[in-house]
Amino acid sequence: MEEEFIPANYEEKWQRSWKDAGIFIAPQESEKPKYFCLEMYPYPSGKMHIGHVRNYSIGDAVARYRRASGYNVIYPMGFDSFGMPAENAAIKEGGHPREITDRNIASIKTDFEKMGFSHDWNREVMSHDPNYFRWNQWFFLKFLEKGLAYRTFANVNWCGPCNTVLANEQVHNGRCWRCSSEVEQRDMDQWFLKITNYAQELLDSLEDISFPNHVKALQRDWMGRSEGALIRFKVDGDDGLEIEAFTTRPDTIFGVTFVTLAPENPLCKDLVSGHENEAEWQQMEKEAKQLSDMDRGMLKEKKGVFLGRYAINPLTGEKIPIYAGNFVIASYGTGSVMAVPGHDQRDFDFAKQHNLPIKKVLNEKGNESSEPLEAAFEGYGEMVNSTREGFDGLSGEEAKRAVIDALENEDTGNGMIQWKIRDWLISRQRYWGTPIPIIHCDGCGMVPVPEEDLPVLLPDDVEFTWEGNPIETSPTFSKVDCPTCGQPARRETDTMDTFVDSSWYFMRYTDARNSEECFSKTASDYWMNVDFYCGGIEHAQMHLIYARFWTKAVRDLGLHQVDEPFQELLCQGMVNAQAPYCKSCNITHPVSERGNNCPHCSAELSERSAKMSKSLGNTVGPVSMIEQYGADTIRLFILFAAQPTAGMDWSDTAVESCYRQMKAIWNLSHEMLSWQNDSAPIDDWLTIQFQERRKQWVNDMEGVDLRASVMLSHYDVYSDLVWYQRRGGKNGPLARSLLLDWAKMLHPATPHLAEELWAAAGGVGLVAAELLNFDDKEGEKGYSGINSVLAEEIFLQSILDQARQMKGLAERHLETEATSATIQCSEAWKGDLVRTGIELLESDFPMKQAMGEIMSRPFAQVGDVRGQVPGAWKRIMKQMYKWSPTEREVLKKNLDEVEILKGATDFLINELGVNELHIYIAGEGEDVGGKAKFSFPAEPGIAYL
RNA sequence: GCAGGGGUUGCCAAGCUUGGUCAACGGCGCCGGACUUAAGCUCCGGUCUCAAGAGGUUCGAGGGUUCGAAUCCCUCCCCCUGCACCA
């Protein structure tokens with residue numbers, strides 16, 4: 001161990017040692033229980049960014065800890081290497097997406113290596129590797145066989161700039177998730193996966209996994225289950241036409257006064273045809289089709305066009321007008337709504353606007369008047385004004401059930417569950433993805449590529465331009481003979497959504513080199529599911545739903561037996577940094593504006609923390625940080641600055657503070673190694689105290705409370721050692737054995753430093769390969785571990801604190817420096833009193849009657865003491881509830897305070913900066929400063945002269 | 001509007017699930033001292049207020065429960081995130 005702390009001198013060395021020893025390679029066969037630690041595999045941009053650093057610092061600490069606690073840990077890494085950035089780069093700068101991707105992977109890998117993560121690279125998976133994506137194609141064929149994959153002509157989201165269709169999940173507020181441009185609607189033939197088959201299971205099994213609440217909420221939202229009824233309204237005068245409406249409120253059926261169809265609903269045309277409003281409807285339909293969902297959401301004006309026809313309420317036989325409304329969504333439910341203005345505010349407004357009747361068919365509790373409604377009552381209530389027998393008086397679920405029963409009896413409707421989630425559109429009109437293994441034959445239709453012909457590789461004879469799908473520029477790719485009839489046919493040119501790749505890569509990790517199968521059942525059954533999954537919140541509703549779906553679908557193919565891919569999910573928070581901010585404009589500006597006034601309103605700019613981004617320029621380059629401080633310091637900062645799930649602020653000063661701490665640990669360890677065989681009374685304390693720290697640390701690591709555990713390992717243990725030194729400790733053998741265990745605690749967060757200490761203290765081999773083996777069985781959790789040794793030291797620290805406080809006060813009075821201190825410890829009977837109090841309190845004695853009990857005790861019988869007991873008890877009563885369990889334990893020990901303080905006289909004189917110190921029991925010496933009356937157990941009277 | 005998560009002492013941030021351990025961990029910043037030729041290094045101490053110690057006022061605001069509340073209950077305000085005319 002070198003004298004000076006220079007991480008650059010040793011970090012790379014240990015990284016090589018780990019690699020050479022192969023200790024991060026997870027064997028398939030093991031006696032140990034398995035542990036699957038996983039981070040979301042990254043898209044290979046050319047450089048590691050701070051998000052990667054945070055993500056993997058967390059995962060690596062968990063993986064290293066689990067290895068040390070005796071698990072067979074699989075901690076793989078790979079790259080989500082298909083996708084548009086590489087293709088766009090190829091178009092812009094020339095080259096091939098494959099070259100660009102390979103180059104980026106090589107570059108980012110060297111960055112990762114510098115951090116010292118313990119990934120098992122033997123299991124590396126890359127999406128763009130034909131040995132990987134051939135299984136995408138294979139799964140696709142299996143899904144096709146099982147009816148889980150299908151092709152249909154549908155109205156889909158089209159992103160012009162990206163030149164491809166998008167899944168619903170990939171459209172946010174009407175904009176493309178990738179490029180933020182507006183998405184338009186197009187009718188196209190596209191491939192879908194039937195994720196809706198699994199909607200109910202995806203919803204239900206959220207209960208079985210530990211995901212953060214907000215992620216579960218997000219997924220529930222996205223799946224959007226609603227229970228209700230499908231009701232069929234016959235069109236008056238046309239037996240062939242029927243309007244189906246989905247409602248969650250069948251209990252309001254008697255209040256239906258009109259029905260509204262989405263303008264795009266195909267029924268509209270039939271209904272309005274020949275009517276004077278036909279043109280008006282056509283206009284509305286045109287607008288609706290052009291509008292993106294974004295604009296639709298912004299729609300202020302609710303428009304309705306009467307379609308000239310009437311529907312029949314199936315339960316009442318009433319004739320009600322049919323409208324087309326621009327606010328009805330064609331793709332949700334049936335694209336038509338039964339309108340109940342009395343009990344739906346939106347319908348209420350619409351009815352007012354179009355002068356339609358408003359019927360009250362539910363009674364609001366406490367408001368049973370028959371006055372016309374001023375607003376819709378949307379709650380549940382008793383049914384009233386039903387035009388049929390048997391409904392009035394029912395409410396809530398009962399009412400709904402009765403209506404559904406009636407509809408089902410008369411075959412005019414049925415109970416139904418409606419979902420918001422749609423099937424997953426996986427076609428993409430882009431090059432850099434998995435080709436969909438289908439051949440279109442004029443004679444045979446769509447023919448799957450035979451399994452033995454997989455993989456369908458991407459063609460290289462293509463041109464990358466912004467025009468259309470580059471695959472289509474290949475002169476050879478499309479031309480293929482039909483596998484069935486042998487006639488010339490066309491190959492499908494759509495590729496798969498890259499979320500397909502990330503939907504099962506974790507399963508591939510379990511058997512990454514398998515060239516015969518996607519993975520063997522043995523391997524996946526042994527390793528799956530993922531015990532700990534760590535990644536960004538941005539994948540809460542896409543990746544994390546698709547992967548759950550894929551896992552279930554593949555399970556049903558019989559390939560493995562787990563229901564859920566990820567048992568525990570941790571979403572790490574964002575890394576923020578300060579950026580200039582204008583309060584009045586509420587705009588965050590790029591750091592280039594720092595020091596200037598607001599470019600918009602000229603107000604003075606303040607600072608606020610904002611997500612690190614290129615556009616704001618408030619980023620930090622992790623690699624240069626590593627060069628400056630070493631990887632360990634950055635890792636320590638990441639884990640220490642905030643809890644894993646919280647957002648964290650990057651702060652250069654805080655990083656420096658971590659660097660100082662690292663250095664302090666280094667320097668102290670270095671010094672400890674020079675200690676000789678000098679034992680001291682304080683040795684026992686260190687031994688026991690350190691054991692307590694270890695126990696607490698294990699506890700926090702088990703709960704993945706990384707911040708707390710790092711605080712213990714990197715700060716508290718250090719402070720203990722400093723105190724030990726101040727109290728005269730310098731026991732060489734003790735220090736060496738402690739260093740070995742300490743290195744194990746330092747290892748998950750700062751592995752390079754840990755290896756240095758381990759080696760310097762005489763550890764054999766690598767600490768990264770060591771088991772914890774802490775022998776901490778005795779003394780369970782809690783404060784039972786407080787023995788006299790710890791109690792004495794806690795007492796001493798507390799006296800030192802009190803004495804320091806008093807010194808300040810005293811010197812203000814003395815108006816000069818204090819040179820002499822007198823400590824008058826508590827009389828014995830006060831100790832008896834305190835312990836009696838605690839005893840009564842802990843035995844649930846009614847404290848209001850405690851005085852009587854106390855006065856009956858032997859110590860209160862002594863003549864001159866008896867009179868002082870009530871006053872002292874009053875004082876103690878007040879304090880008693882405030883004592884911590886630790887303090888109580890200390891008080892219960894009945895320490896010989898004078899003895900302990902006298903034993904530490906030199907130490908106290910030194911710490912307090914006085915020349916002399918007198919210690920005795922109050923009453924056994926001069927009552928200096930009249931402080932005797934202040935003396936209580938653990939709170940002596942302290943006076944200065 | 002609906003859902004999820006927050007508002008803690010200059011800043012960041014623990015604690016609140018299981019009320020007394022809380023004037024409230026820790027880090028940053030700031031102040032003082034030691035060391036040093038000198039430190040921006042390291043170490044020690046301080047950092048709501050009052051004060052030779054038993055006090056006061058604090059944990060978004062206001063109520064309530066309790067011997068006792070940052071912690072439990074109610075109401076309100078504000079911030080973030082997601083979904084959003086979903087029938």
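Within every chain, numbering begins at 1; the chains are lettered A, B, ... in the order of the sequence lines, protein sequences first and strands thereafter.
In this model, the phosphate group of B:rC86 is not approached by any side-chain N or O of A:Ser226 to a distance below 4.0 Å at OP1 or OP2. Taking side-chain N and O atoms only, A:Tyr715 has no distance below 4.0 Å to OP1 or OP2 of B:rG27. OP1 or OP2 of B:rC83 sits under 4.0 Å from a side-chain N or O of A:Gln541.
The ring pair (Phe, Tyr, Trp, His ring centres under 6.0 Å) search around A:His670 returns none, not counting sequence neighbours. In terms of the side-chain contact (heavy atoms from CB on, under 4.5 Å) criterion, residue partners of A:Arg422 (sequence neighbours excluded) are, by chain and number, A:Asn168, A:Ser331. With sequence neighbours excluded, no residue forms a ring pair (Phe, Tyr, Trp, His ring centres under 6.0 Å) with A:His918. In terms of the side-chain contact (heavy atoms from CB on, under 4.5 Å) criterion, residue partners of A:Pro250 (sequence neighbours excluded) are, by chain and number, A:Ala229, A:Thr247, A:Lys400, A:Val403, A:Ile404. Qualifying side-chain contact (heavy atoms from CB on, under 4.5 Å) partners for A:Gln353, counting only residues two or more places apart in sequence or in other chains: none. Partners of A:Asp700 by salt bridge (Lys or Arg N to Asp or Glu O under 4.0 Å), not counting sequence neighbours: none found. With sequence neighbours excluded, the residues that form a ring pair (Phe, Tyr, Trp, His ring centres under 6.0 Å) with A:Trp666 are A:Phe5, A:Tyr10. In this structure, the ring pair (Phe, Tyr, Trp, His ring centres under 6.0 Å) partners of A:Phe637, at least two apart in sequence or on a different chain, are A:Trp650.
For A:Lys730, the NZ atom sits in a loose shell: 12 or fewer heavy atoms of surrounding residues, nucleotides or ligands are nearer than 6.0 Å.
The two residues A:Ala943 and A:Val928 have their closest heavy-atom pair at CB-O, 3.6 Å.
When the P atom is compared between B:rA69 and B:rU58, the two are found 11 Å apart, to the nearest whole Å. Going from the C1' atom of B:rG15 to that of B:rU21 covers 11 Å, rounded to whole Å. For the P atoms, the distance from B:rG46 to B:rA39 is 23 Å, rounded to whole Å. Atom name C1', nucleotides B:rA70 and B:rC16: the rounded distance is 7 Å, in whole Å. As rounded to the nearest Å, B:rG56 and B:rA34 have C1' atoms that lie 35 Å from one another. Separating the P atom of B:rG45 from that of B:rC25 is a span of 15 Å, rounded to the nearest Å. When the P atom is used for both B:rC74 and B:rC22, the distance is 28 Å, rounded to whole Å. The gap from the C1' atom of B:rU9 to that of B:rA54 amounts to 24 Å, rounded to the nearest Å.
When Watson-Crick and G-U wobble pairs are counted only if both distances are under 3.5 Å, B:rU58 pairs with no nucleotide at all. Pairing for B:rC41 is absent, with no Watson-Crick or G-U wobble pair whose two atom distances lie under 3.5 Å. Using N1 to N3 plus N6-O4 or O6-N4 for Watson-Crick, or N1-O2 and O6-N3 for G-U wobble, each under 3.5 Å, B:rG4 pairs with B:rC80. Pairing for B:rA52 is absent, with no Watson-Crick or G-U wobble pair whose two atom distances lie under 3.5 Å. Pairing for B:rC11 is with B:rG27, a Watson-Crick or G-U wobble pair whose two hydrogen-bonding atom distances lie under 3.5 Å. Base pairing analysis places B:rU17 opposite nothing; no Watson-Crick or G-U wobble pair with both distances below 3.5 Å involves it.
Put simply, CH2 on A:Trp222 is 11 Å from C1' on B:rA84, counting in whole angstrom units. B:rU81 atom P lies 18 Å from atom NE2 of A:His539, rounded to whole Å. Between the P atom of B:rG29 and the CG atom of A:Asp652 lies a distance of 11 Å, rounded to the nearest Å. Rounded to an integer number of Å, the gap from CD1 of A:Ile537 to P of B:rC83 is 11 Å. Rounded to whole Å, atom C1' of B:rG82 lies 10 Å from atom NZ of A:Lys420. Atom CD1 of A:Ile545 and atom C1' of B:rC83 are 12 Å apart (whole Å). Between A:Leu230 atom CG and B:rA87 atom P the separation is 14 Å, expressed in whole Å. Summarising the geometry, the separation between CZ on A:Phe258 and C1' on B:rA87 is reported as 11 Å, rounded to the nearest angstrom.
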Subject >> Base-contact (B) and sugar-phosphate-only (S) positions in nucleotides 3-20 of chain B, heavy-atom cut-off under 4.0 Å, - elsewhere >> reply: SSS------SSS-----B

Subject >> Letter per nucleotide, 5' to 3', of nucleotides 42-53 of chain B [B base touched, S only sugar-phosphate touched, - untouched; heavy atoms, 4.0 Å] >> reply: SSSS-----BBB

Show me the side-chain donor-acceptor pairs of residues 654-665 of chain A shorter than 3.5 Å, one per line, residues at least two apart or across chains.
{"residue": "A:Glu656", "atom": "OE2", "partner": "A:Tyr629", "partner atom": "OH", "Å": "3.3"}
{"residue": "A:Gln661", "atom": "NE2", "partner": "A:His714", "partner atom": "O", "Å": "2.9"}

Original post:
Should A:Lys216 and A:Glu207 be marked as a salt bridge (charged side-chain N to carboxylate O under 4.0 Å, His left out) after you check the CA-CA gap, both sets of side-chain angles, and the distance that decides it?
Top reply: CA-CA 9 Å; A:Lys216 288 190 182 184; A:Glu207 302 299 323; 5.5 Å; no

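Projected onto RNA chain B by closest heavy-atom contact, A:Cys658 and A:Phe936 fall at different nucleotides, the more 5' of which corresponds to A:Cys658.
Residue-level contact check: A:Thr247 touches the backbone only, with heavy atoms under 4.0 Å from sugar-phosphate atoms and none from bases.
Defined by atom type and a distance below 3.5 Å, a donor-acceptor pair is present between the side-chain atoms of A:Ser226 and A:Tyr332.
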Distances under 3.5 Å only, N/O to N/O: pair up the protein atoms with those of nucleotides 33-37 of chain B.
none

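Looking only at side-chain heavy atoms (C-beta outward), A:Gln219 and A:Leu202 stay at 4.5 Å or farther from each other.
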